[in-house]
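First comes the structure, then the notes that go with it.
Atoms within a ligand are numbered from 1 in the order they appear, just like the ligands themselves.
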Amino acid sequence: MREAAHAFRAASRRVGLVPTMGALHGGHRSLIRAAGSSCGAVVVSIFVNPTQFGPNEDLAEYPRSPERDCEMLEAEGVDLLFAPGAREMYPTLQAAWVTVEGLSGKLDGRSRPGHFRGVTTVVAKLFNIIQPDAAFFGQKDAAQLAIIRRMVRDLNFDIEIVACPIVREPDGLAMSSRNAYLTKAERKQALVLHRSLERIEQMVRMGEIDSRKLISAGREKMGEEKSVRLDYFEIVDPETLDPVKEVSNTTLVAVAAYIGTTRLIDNVLLGKNF
Ligand code: AMP
């Protein structure tokens, strides 16, 4: 991988990295296209990273579709797929970890202890192996994006982090590899995440900026689906992930909920175009 990336750079090709866990969908495709539009060489990594899964999480069941993924990557003209195995990425017990303190315990980090430590460590490893000029991440994982931006800033990685808008199914459900877990009934119930965010957007458009009132309306909307268990509904600063009292020009509204046993997340960035 190092040699290949080096060859791209030697040929003056700007290297763009799209890190993924596979089971590729339209959200991943949009990242690949964004990378293609600003980079001369696009590298996609597929690695279901064990260190970001908790002991009771879905590592073993995580959807995998290597053949279909390769078809998409070929159709998109991706230059290189990096798909290491777990033993290749973690040949010995990992002793050095990258942690973004504070941020890693917020939003998903609160409900998934250790998750972001696994994410930042594997992304730092991928950055060091591939040494891309730019790396592309989805706004869908808003907390992850904030944490990676902070890691890059604090550890002086010379890599441009590019955020890409959330890609949704026609009915509004945010695309996610985990959507494959949903039964037909759950698939319908899952729409409540997007509906609750739409409700907030609507209220903000009408002039409501009080986070407490907005959160309460969002939670109420989530409550309409009785079988959906809310994890969090928060209105925060997208950089610090700290709760804000009032919505301002850039504010993140983020929601996470269990639909049956499937945990889904969604968000909207107010005051921006996505
Ligand atoms: P994953 O394979 O789920 O780890 O996701 C890999 C990358 O794709 C991450 O940067 C995600 O934020 C991004 N991504 C996943 N779903 C979407 C989506 N619906 N829209 C945009 N980006 C997404």
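- Judged by the 6.0 Å and 45° rule, R229 forms a cation-pi pair with Y258.
- The aromatic rings of Y90 and F47 lie tilted to each other, with the angle between the two planes from 30° to 60°.
- Protein residues with a heavy atom under 4.0 Å from ligand 1 are P19, T20, M21, H25, G27, H28, L31, Y62, F137, G138, K140, D141, Q144, P165, I166, V167, M175.
- The shortest distance between side-chain heavy atoms of L17 and F82 does not fall below 4.5 Å.
- For R64, the CZ atom counts as densely surrounded, since its 6.0 Å shell holds more than 12 non-hydrogen atoms of other residues, nucleotides or ligands.
- Remark: S216 pairs with no residue by the side-chain hydrogen bond (donor to acceptor under 3.5 Å, both in side chains) rule, at least two apart or across chains.
- A donor-acceptor contact shorter than 3.5 Å is absent between the side chain of R13 and the backbone of F8.
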